[in-house]
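Not measured: the values here are computed from a predicted model.
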Amino acid sequence: MTKVYPARNQLPRLSYNRSSVADDDSSPSEQVVLTVWKKSLLFNCNGFTVFDARGNLVFRVDNYMAASGSNGEILLMDAAGKPLLTIRRKRMSLTDSWLVFEGETTTNPKLCVRKKVLNSKCLAQVSRCGSNNSNIAYEIEGCYGQRCCTMYDSKRRIAAEIRQKEAAFGGGVAFGFDVFRLVVRPNMIDTPLAMAFVILLDQMFGSSKRSPLSSPR
């Protein structure tokens with residue numbers, strides 16, 4: 001089976017574009033294709049491990065919330081363990097809403113992500129904190145359970161996509177739901193932010209289905 005774990009002798013970082021949305025209508029930059037494995041590097045801990053096209057570790061998420069029933073934070077880290085974004089469920093909210101913070105702070109949230117329950121096409125909407133809720137920065141459509149989602153920016157341009165991953169040996173054999181691709185256009189959305197949306201989709205629509213194939217080696 002195709003290996004999805006990182007090279008052990010190097011843990012490089014991607015170069016991130018910090019602008020949230022491109023200000024012009026220029027052509028999308030070269031895509032960043034990541035492999036997302038729904039498994040923490042820590043034993044007995046929920047989370048994600050994310051690799052680049054060369055198999056190097058890019059992001060990690062170690063989530064104790066599901067095991068403890070806690071409503072605490074979920075931390076997105078780079079390969080070296082540096083906090084990039086903190087995700088926290090919004091308290092005292094009538095809807096399933098989450099806040100996204102820069103780094104490890106939990107003050108001055110940057111974005112608010114709301115689950116949409118009345119529209120089967122739209123899964124979630126993202127707005128900037130402090131702005132009018134009708135001013136949507138990103139909108140996510142598709143079916144997370146099938147790992148088929150599209151993230152649109154405010155101009156309805158495709159900023160990122162979640163796709164099923166097929167095994168390298170071909171034949172149309174898919175890994176299943178625990179290993180999938182995240183395809184990002186960095187000039188339209190930060191790569192860490194796109195991964196944060198994956199984490200939130202899993203919190204909102206996480207599937208209990210297991211991969212029909214064994215865990216990647």
First locate atom CE of Met188, then atom CG of Leu193, and finally report the distance between them rounded to the nearest 0.5 Å.
14.5 Å
Hits for side-chain contact (heavy atoms from CB on, under 4.5 Å) against Met77, two or more places apart or cross-chain, chain-then-number order -> Arg60, Asp62, Leu75
Using modelled atom types only, decide if a donor and an acceptor are shared between the side chain of Thr86 and the backbone of Phe101 within a distance under 3.5 Å.
no
To the closest 0.5 Å, what do you measure between CH2 (Trp37) and CZ (Phe51)?
6.0 Å
Should the pair Lys90-Asp96 be classified as a salt bridge under the 4.0 Å nitrogen-to-oxygen rule?
no
A cation-pi test, strictly: NZ or CZ of Lys115 under 6.0 Å from the centre of the six-membered ring of Phe205 and no more than 45 degrees from its axis. Yes or no?
yes
Suppose we screen for side-chain hydrogen bond (donor to acceptor under 3.5 Å, both in side chains). Which residues come up paired with Arg163, at least two apart in sequence or across chains?
Glu161
Worked check of side-chain contact (heavy atoms from CB on, under 4.5 Å) between Leu85 and Lys110
CA-CA 10 Å; Leu85 297 170; Lys110 303 298 182 183; over 6 Å; no
Mind checking what makes side-chain contact (heavy atoms from CB on, under 4.5 Å) contact with Ala124, not counting sequence neighbours?
Val113, Ile140, Met204
Is it the case that the side chain of Asp78 and the backbone of Lys82 share a donor-acceptor pair, with hydrogens and angles ignored and the cut-off at 3.5 Å?
yes
Nearest non-hydrogen partners of Tyr144 and Leu123, listed with the distance:
N-CD1, 4.0 Å
Please determine if Arg147 forms a cation-pi arrangement with Phe180, meaning its NZ or CZ atom is less than 6.0 Å from the six-membered ring centre and no more than 45° off the ring axis.
yes
Ion pair Asp202/Lys38, N-O distance below 4.0 Å:
yes
May I ask you to test the Trp98-Leu111 pair for a side-chain heavy-atom distance under 4.5 Å?
no
Side-chain contact, heavy-atom cut-off 4.5 Å: Ile162 with Met151?
yes
I need the minimum non-hydrogen distance between Ser97 and Cys112, along with the two atoms involved.
CB-SG, 4.4 Å
Kindly write out the residues that satisfy side-chain hydrogen bond (donor to acceptor under 3.5 Å, both in side chains) with Glu141, not counting sequence neighbours, or none if the list is empty.
Arg156
